[in-house]
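Start at 1 with the first residue, then count along the sequence.
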Amino acid sequence: MGIDNKYEMIVNASIKVMKEKGFEKASVSQIVKEAGVAQGTFYLYFDSKSAVVPAIAKRILNTLFTQVKEVHHQDTNIFDTIDAVVDITFKITREYRELILFCYSGLAYYHSLETWEEIYQPYYSWLECQLKSAKEAGLCTSKVELGPLARMIINVIETSAEAFYLSNQGNKATAINKDQVVMFIKSSLTDYHS
């Protein structure tokens with residue numbers, strides 16, 4: 001069993017235990033028991049329960065990013081890419097909502113925003129590349145620089161999904177909310193009309 005494998009086992013166990021018990025009630029001893037590793041092994045990787053939070057946030061984002069890349073093909077136009085990113089972001093946000101809530105509080109409390117930036121950088125860069133291709137193809141006519149535009153798009157999608165699922169707006173139809181987000185983003189790229 002490799003070192004990275006133990007790290008992954010601890011992150012997996014942390015996700016499971018924290019999902020079941022919540023962040024406050026989850027303990028390192030419960031996490032190591034679930035992971036099947038010694039308590040000392042936990043402390044080789046993380047100096048506290050809170051220190052696992054960025055690893056969980058990274059795992060959630062990697063899950064989302066992997067799914068986005070799986071449905072994205074080289075010839076996919078930017079509008080289909082936006083549709084996929086919105087769909088997958090809403091799905092992942094619904095699936096991981098409890099974890100996302102304490103990732104926010106944990107990262108905000110224990111880590112700087114630089115941690116978020118580091119976690120999100122590959123995702124931002126990927127979307128920036130998609131926007132560049134769209135601009136070259138004449139599909140994106142936005143005057144906004146592509147780097148900031150990629151960040152804004154991801155932030156709008158995530159904020160919308162989180163507002164919907166984390167604030168229990170269950171009385172609204174998810175499809176309507178997603179459609180509004182898609183329309184807003186597509187209109188920011190060009191004079192796109194559905």
Side-chain angles (χ1 to χ4, degrees), residues 4-37 39 41-43 45-71 83-124 126-127 151 153-182:
D4 291 342
N5 197 13
K6 286 186 180 178
Y7 174 90
E8 291 302 322
M9 287 165 64
I10 292 167
V11 174
N12 291 342
S14 298
I15 289 171
K16 187 170 190 281
V17 171
M18 290 179 189
K19 240 182 157 176
E20 286 171 8
K21 303 189 179 296
F23 180 75
E24 293 304 322
K25 291 184 178 152
S27 69
V28 171
S29 59
Q30 291 165 332
I31 292 167
V32 296
K33 185 178 176 194
E34 178 65 36
V37 299
Q39 193 140 338
T41 305
F42 178 92
Y43 291 106
Y45 300 101
F46 304 103
D47 58 13
S48 66
K49 175 178 74 170
S50 309
V52 181
V53 172
I56 294 171
K58 191 171 186 170
R59 171 70 63 79
I60 295 168
L61 181 65
N62 286 347
T63 301
L64 185 154
F65 192 25
T66 299
Q67 289 184 25
V68 165
K69 287 190 289 188
E70 279 171 6
V71 299
D83 285 335
V85 170
V86 170
D87 277 344
I88 292 164
T89 303
F90 270 71
K91 185 182 86 156
I92 295 289
T93 303
R94 184 183 69 234
E95 196 176 322
Y96 290 99
R97 60 181 170 259
E98 308 95 342
L99 292 171
I100 290 168
L101 277 171
F102 70 71
C103 280
Y104 268 128
S105 57
L107 275 175
Y109 189 78
Y110 298 104
H111 298 275
S112 69
L113 288 172
E114 288 155 21
T115 307
W116 275 127
E117 282 299 304
E118 188 183 307
I119 291 169
Y120 272 81
Q121 195 50 56
Y123 190 28
Y124 290 148
W126 177 84
L127 185 57
R151 288 166 186 265
I153 288 170
I154 289 168
N155 291 338
V156 164
I157 295 170
E158 290 201 345
T159 302
S160 301
E162 288 161 4
F164 187 80
Y165 289 114
L166 306 184
S167 67
N168 298 316
Q169 293 181 357
N171 55 341
K172 283 187 183 177
T174 311
I176 293 169
N177 200 345
K178 287 191 332 194
D179 288 346
Q180 295 299 304
V181 174
V182 167

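A donor-acceptor contact closer than 3.5 angstrom links the side chains of Q67 and K91. Side-chain N/O atoms of E95 and Y165 include no donor and acceptor closer than 3.5 Å.
Contact of the N155 side chain with the Y124 side chain is registered, since non-hydrogen atoms from C-beta on lie closer than 4.5 Å. The side-chain heavy atoms of K69 and Y123, taken from C-beta on, include no pair separated by under 4.5 Å. In this structure the side chain of W126 reaches within 4.5 angstrom of the side chain of V68, judged on heavy atoms. Inter-residue side-chain proximity for S50 and F23 is flagged as met; some heavy-atom pair is nearer than 4.5 Å. Using a 4.5 Å cut-off on side-chain heavy atoms (C-beta onward), I10 and V32 make no contact.
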* **Stepwise side-chain contact (heavy atoms from CB on, under 4.5 Å) check, F90 with S160** => CA-CA 8 Å; F90 270 71; S160 301; 4.3 Å; yes
* To do: Decide yes or no on side-chain contact (heavy atoms from CB on, under 4.5 Å) for K6 and F42, but give the supporting numbers first.
  => CA-CA 9 Å; K6 286 186 180 178; F42 178 92; over 6 Å; no
* Asked: Under the side-chain contact (heavy atoms from CB on, under 4.5 Å) criterion, do E158 and I153 qualify, and how do the steps go?
  -> CA-CA 9 Å; E158 290 201 345; I153 288 170; over 6 Å; no
* **side-chain contact (heavy atoms from CB on, under 4.5 Å) between R151 and E117, intermediate numbers included** => CA-CA 10 Å; R151 288 166 186 265; E117 282 299 304; 2.5 Å; yes
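Here the side chain of Q30 pairs a donor or acceptor atom with the backbone of S27 at under 3.5 angstrom. One N or O on the side chain of R97 and one on the backbone of R94 form a donor-acceptor pair closer than 3.5 Å. For T41 (side chain) and V37 (main-chain N/O), no donor-acceptor pair under 3.5 Å exists by modelled atom type. With K49 contributing its side chain and A26 its backbone, the two residues share a donor-acceptor pair below 3.5 Å.
With sequence neighbours left out, A55 forms a side-chain contact (heavy atoms from CB on, under 4.5 Å) with Y7, V11, F46. When the side-chain contact (heavy atoms from CB on, under 4.5 Å) test is applied to T159, no partner is found at least two apart in sequence or on another chain.
Closest of all the heavy-atom pairs between V181 and V156 is CG1-CG1, 4.4 Å. A pairwise comparison of heavy atoms in I92 and I100 identifies O-CD1, 4.4 Å as the closest pair. Heavy-atom minimum distance, I31 versus A13: O-CB, 3.4 Å. The two residues M18 and L99 have their closest heavy-atom pair at CB-CD2, 4.4 Å.
A salt bridge links R59 with E8: at least one charged nitrogen is closer than 4.0 Å to a carboxylate oxygen.
Rounding to the nearest 0.5 Å gives a distance of 12.0 Å between CZ of F65 and NZ of K58. I154 CD1 to T89 OG1: the interatomic distance, rounded to the nearest 0.5 Å, is 8.0 Å. Of the inter-residue distances, the one linking I88 atom CD1 with T93 atom OG1 reads 11.5 Å to the nearest 0.5 angstrom.
Geometrically, K19 engages Y96 in a cation-pi contact defined by less than 6.0 Å to the ring centre and at most 45° from the axis.
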